[in-house]
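Numbered from 1 within each chain, the chains take letters A, B, ... in sequence-line order.
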2 protein chains.
Amino acid sequence: MSEKKKLKGQTKVRMEERARVMKALAHPSRLFIVDELSHGERCVCELTDMIGADVSTVSKHLALLRQAGLVLDEKRGQQVFYRLRVPCILNFFGCVEAVLEEVSRCDVAESS
Amino acid sequence: MSEKKKLKGQTKVRMEERARVMKALAHPSRLFIVDELSHGERCVCELTDMIGADVSTVSKHLALLRQAGLVLDEKRGQQVFYRLRVPCILNFFGCVEAVLEEVSRCDVAESS
DNA sequence: TCATCGTTTGGCAATATAGCCAAATTATAG
DNA sequence: CTATAATTTGGCTATATTGCCAAACGATGA
């Protein structure tokens, strides 16, 4: 009967699952990848060139996105192409920008 | 003239800013807090009781959310009340759930 | 088969994050 | 002023994340 929602049991599991997805998006390179994949599929080599990090690093970022369920991979020849799996994550960007604007608009002593 | 977008300069700065906001949401307790604040303002003690962690831990989570621009705090008496600053982040949950459903629906060898 | 290209994996070192306790801070009550 | 309650801050340890290199893997072509 208690209306008090607590961070335990079912609720805790759900929050942990959500956090895993959010974590996958909580990195500059991975956000860039998602943004780039919104324009179509890309191979690892293309993304590596754009990001400017080691291929192995980019590959691990992509593996993490895949494990989170955000992208799909398809091997064709020697190359592996990645594409978005759930397009709605692109809607995140608009809201994140809104947050950044809100902060920069009232950037007085908000950082302390 | 180059159409090639690279993760450097302006683009890199923007992705880093976005990542900072996403990072703030990439934790079970902080997701729980955001979810709870969607129903109205809450004081630190209420949230601490619900989360079941040390008060100092919850306080640090809240400070992180505030620094990211996601919540606002207001001191009234001895208590500090927190509330959402940018409501659109609540839309994230629907998409995250869609990702989780997508994964659980096709949970065959998707995790390897 | 051998060499090469594209990608992934293992492993390591550097950095970042999380959570607790103790102490400091601020407001209120007596 | 003293005591107490609510919150924040400092500091410490444990854990997680990141990124590079080297090596392994898989497909292609000579």
* Could you tell me whether the side chain of Glu97(A) reaches within less than 4.5 Å of the side chain of Leu100(A), counting heavy atoms only? => yes
* Look at the side-chain N and O atoms of His61(A) and state whether any lies under 4.0 Å from the OP1 or OP2 oxygen of dT17(D). => no
* Asked: To the nearest Å, how far apart are Met22(B) CE and dT17(D) P?
  -> 15 Å
* Polar pair under 3.5 Å, donor/acceptor by atom type, side chain Lys75(A), base dG6(C) -> no
* Can you tell me the distance, in whole Å, between the CD atom of Glu46(A) and the P atom of dC5(C)? => 18 Å
* Expressed in angstrom and rounded to an integer, what is the separation of Glu74(B) atom CD from dT7(D) atom C1'? -> 15 Å
* To do: Provide, to the nearest angstrom, the distance between the CD atom belonging to Gln79(A) and the P atom belonging to dA27(D).
  => 14 Å
* Asked: Reckon Arg30(B) touches a base, only the sugar-phosphate, or nothing at all at heavy-atom distances under 4.0 Å?
  -> sugar-phosphate
* For Ile51(A) and dC20(D), what is the distance between atoms CD1 and C1' respectively, to the nearest whole Å? -> 15 Å
* Asked: Atom CZ of Arg20(A) to atom P of dT17(C): distance rounded to whole Å?
  -> 20 Å
* Base, sugar-phosphate alone, or nothing: which one does Ser56(B) contact when heavy atoms must sit under 4.0 Å apart? -> base
* Asked: Does the pair Arg105(A)/Glu102(A) count as a salt bridge with the N-to-O cut at 4.0 Å?
  -> yes
* Evaluate the ring planes of Phe92(B) and Phe92(A), with Trp represented by its six-membered ring, and classify them as parallel (under 30°), tilted (30 to 60°) or perpendicular (over 60°). => parallel
* Asked: Checking all strands, does Val44(A) fall into the base, sugar-phosphate, or nothing category for heavy-atom contacts under 4.0 angstrom?
  -> sugar-phosphate
* Length of the line joining Leu62(B):CG and dA18(C):P, which is rounded to integer Å -> 13 Å
* To do: Would you kindly compare Asp54(B) and Val80(A) by the position of their nearest DNA chain C nucleotide and give the one closer to the 5′ end?
  => Val80(A)
* **Nearest-nucleotide comparison on DNA chain C, the residue closer to the 5′ end among Lys60(B) and Val58(A)** => Val58(A)
* **Short side-chain to backbone donor-acceptor contact, Arg42(B) and Leu47(B), under 3.5 Å** => no
* **Of Ala26(A) and Ala63(B), the one whose closest DNA chain D nucleotide lies more 5'** => Ala63(B)
* Structure fact -> Among the nucleotides dG6(C), dC20(C), dA5(D), whichever has the atom closest to the side chain of Ala53(B) is dC20(C)
* Quick one: label Phe81(B) by what it contacts on the DNA or RNA (base, sugar-phosphate, nothing), any heavy atom closer than 4.0 Å. => nothing
* To do: Examine dG19(D): is either OP1 or OP2 under 4.0 Å from a nitrogen or oxygen in the side chain of Thr57(A)? Give yes or no.
  => no
* Asked: Tyr82(A) side chain N/O closer than 4.0 Å to the phosphate oxygens (OP1, OP2) of dT8(C)?
  -> yes
* **Shared hydrophobic cluster for Leu37(A) and Leu64(A) (ILVMFWY, side-chain gaps under 4.5 Å)** => no
* **Atom-pair distance (NZ on Lys23(A); P on dA16(C)), nearest Å** => 16 Å
